[in-house]
Amino acid sequence: MKYLSELKTEDLAGKKVLLRVNLDVPFDEVTKKIGERFRIEAHRETVKYLLEAGAKILLVSHSSEVESFLPLVEEVGETLGEIVTLVPHNELSEVHKLFEAGPLLLLDNIRQDLREEENDEGLALSLSKGFDYYINDDFATCHRAHASIVAITKILPSYAGFLIKKEIEHLNVALEAPAEGKILVLGGAKISTKLPVIENFLNKCERILVGGALANNFFKAQGVKVGASVVDVTVPVPILFGVESIHADIVLPIDILVTDDRSGQGKNETKPPGNITDSQLIADIGPKSAQQFAEIIVGAKLVIWNGPMGLCEIEQFASGTKMVAEAVAKAEKSIIGGGDTIAATDALSLLSKFTFVSTGGGAMLEYLAGEELPGLVALGYNK
Ligand code: ADP
Ligand code: MG
């Protein structure tokens with residue numbers, strides 16, 4: 001894999017660069033504001049380096065939130081600290097003329113073109129016209145074999161941006177650090193993406209703390225009643241990763257907060273797991289579990305955390321996530337990631353307290369599960 005740092009000012013001055021970034025951030029339709037700027041800010045270093053070297057940049061990104069980047073483009077510019085000009089798809093062939101207006105352009109949502117998700121060579125070819133380099137700074141989309149991630153690398157000389165380099169370095173620490181003192185904390189709701197991470201970390205860390213809706217799947221597999229809780233019935237927990245009982249590394253909540261109303265307005269009670277009616281659901285880990293998790297986390301050498309411990313968007317169900325977040329922030333080293341995990345810790349003003357915050361949700365989880373990411377393979381990466 002070639003890194004952007006190999007390109008110096010003399011290689012970049014006056015050159016045109018196609019730069020893949022991640023602008024797939026939450027957007028509030030009412031206030032017309034970006035919900036969280038952290039992941040855009042993460043590209044500043046690469047953008048700045050290229051502009052200072054005298055390169056012209058066409059940013060390429062997708063959004064699953066909005067059809068067009070038009071309402072976001074000004075704030076994207078503010079966040080990057082540069083003026084960004086939006087280019088609609090039908091003006092792509094004019095793009096070189098548009099550079100006369102300024103050195104930083106943004107092609108509108110690449111997924112407007114249906115060929116993007118088909119990894120179509122034709123699209124990659126029309127993107128590449130007149131460009132000298134392709135730089136991928138979008139770690140968070142590297143688990144997708146799409147045209148602006150994979151096909152494009154067959155056409156242009158391709159490099160990994162500073163963000164991808166940083167992501168790989170930190171996630172390799174998560175994978176390779178000795179088991180002693182290494183704690184994995186997993187929660188949230190996207191269960192099928194988290195189980196492979198647990199499998200990959202078994203016997204390679206000291207403890208795996210499981211909360212959120214993810215824990216419900218474990219309870220269910222153990223025959224413990226979960227009432228109306230969120231459970232992903234499509235993913236069976238592989239025999240709890242143990243021979244007959246749960247694997248010794250895995251720690252489940254010892255108490256739970258159950259509710260009859262997930263909006264937070266109903267009756268909420270702390271109970272031992274299993275003590276739940278058919279109409280109640282598990283909304284958070286209980287205070288004893290939060291205390292136990294926090295104690296394990298605070299003393300760790302390295303904590304890797306993804307996924308909230310409960311329905312943390314609702315104040316009444318946010319305590320478990322808050323205690324875990326505060327503990328992770330105090331650990332010697334911490335690596336966290338996941339869209340909702342970032343949003344929750346950002347709301348607690350804790351983001352700056354972690355050693356590394358990954359911009360990759362699904363991509364981070366696949367990397368931590370030991371899988372190969374098509375976008376990295378396309379750049380020539382092998383571990
Ligand atoms: P991340 O984006 O950090 O990877 P996920 O997307 O997997 O995390 O999960 C986040 C979501 O999980 C949040 O919206 C949260 O409300 C939800 N969640 C957490 N615990 C529960 C639970 N016990 N029941 C239902 N949803 C839960
Ligand atoms: Mg999420």
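All residue numbers in this chain count up from 1 along the given sequence. Remember, it's 1-based here, ligands and their atoms both numbered in the order they're listed.
The hydrophobic clustering, which links ILVMFWY residues whose side-chain heavy atoms are closer than 4.5 Å, places Val357 and Leu348 together. Leu175 and Met1 fall within the same hydrophobic cluster, where Ile, Leu, Val, Met, Phe, Trp and Tyr residues are linked whenever their side-chain heavy atoms come under 4.5 Å apart, directly or through other members.
For ligand 1, the atoms closer than 4.0 angstrom to any heavy atom of Gly338 are 1 (P), 2 (O), 3 (O), 4 (O). Atoms of ligand 1 lying under 4.0 Å from at least one heavy atom of Thr341, given by number and element, are 1 (P), 3 (O).
Tyr367 and Phe139 have perpendicular rings, their planes meeting at more than 60° on a 0 to 90° scale where under 30° would count as parallel.
Remark: of the listed residues Arg39, Arg20, Arg144, Arg20 is the sole one forming a salt bridge (Lys or Arg N to Asp or Glu O under 4.0 Å) with Asp138.
Any N or O atom pair closer than 3.5 Å counts here, and Gly337 shares no such pair with ligand 1. In terms of N/O distances under 3.5 Å, ligand 1 is not approached by Arg262. Looking at Gly339 next to ligand 1, an N or O pair under 3.5 Å apart turns up. Residue Asp284 has no nitrogen or oxygen atom sitting less than 3.5 Å from a nitrogen or oxygen atom of ligand 1, judged on distance alone.
Counted within 6.0 Å of CG on Asp278, heavy atoms from surrounding residues, nucleotides or ligands total 12 or fewer; the atom is thus considered open.
Considering each of Lys194, Lys190, Met364, Glu313, the one bringing a non-hydrogen atom nearest atom 13 (C) of ligand 1 is Glu313. Nearest-heavy-atom check against atom 9 (O) of ligand 1 across Ser192, Ala189, Gly212 picks out Ala189.
Assignment of Gly310 to the shell around ligand 1 is supported, since a heavy atom sits closer than 4.0 Å.
Counting only heavy atoms of the protein, atom 26 (N) of ligand 1 lies nearest to Leu311 CD2, 3.5 Å. In terms of protein heavy-atom proximity, atom 23 (N) of ligand 1 is closest to Ile282 O, 3.2 Å. When only non-hydrogen protein atoms are considered, atom 21 (C) of ligand 1 lies nearest to Ala213 N, 3.4 Å. Ranking the protein heavy atoms by distance from atom 25 (C) of ligand 1 puts Val230 CG2, 3.4 Å first. Of all protein heavy atoms, the one closest to atom 10 (C) of ligand 1 is Asp340 OD2, 3.5 Å.
Lys330 and Glu326 are not joined by a salt bridge, as no carboxylate oxygen comes within less than 4.0 angstrom of a charged side-chain nitrogen.
Residues Tyr133 and Leu18 form no side-chain contact, since every pair of their non-hydrogen atoms from C-beta on lies 4.5 Å or further apart. Taking 4.5 Å as the limit, every side-chain heavy atom of Leu281 sits out of range of all side-chain heavy atoms of Val230.
Between the Mg ion (ligand 2) and the N, O or S atoms of Asp340, the shortest distance is to OD2.
When heavy-atom distances to ligand 1 are checked against a 4.0 Å cut-off, Asn306 comes that close only through its side chain, counted from C-beta outward.
Side chain of His43 to main chain of Leu23: no donor-acceptor pair is present (N/O by atom type, distance under 3.5 Å, no hydrogens or angles).
A cation-pi arrangement is present between Lys2 and Tyr159, with the terminal nitrogen or guanidinium carbon under 6.0 Å from the aromatic centre and inside a 45° cone about the axis.
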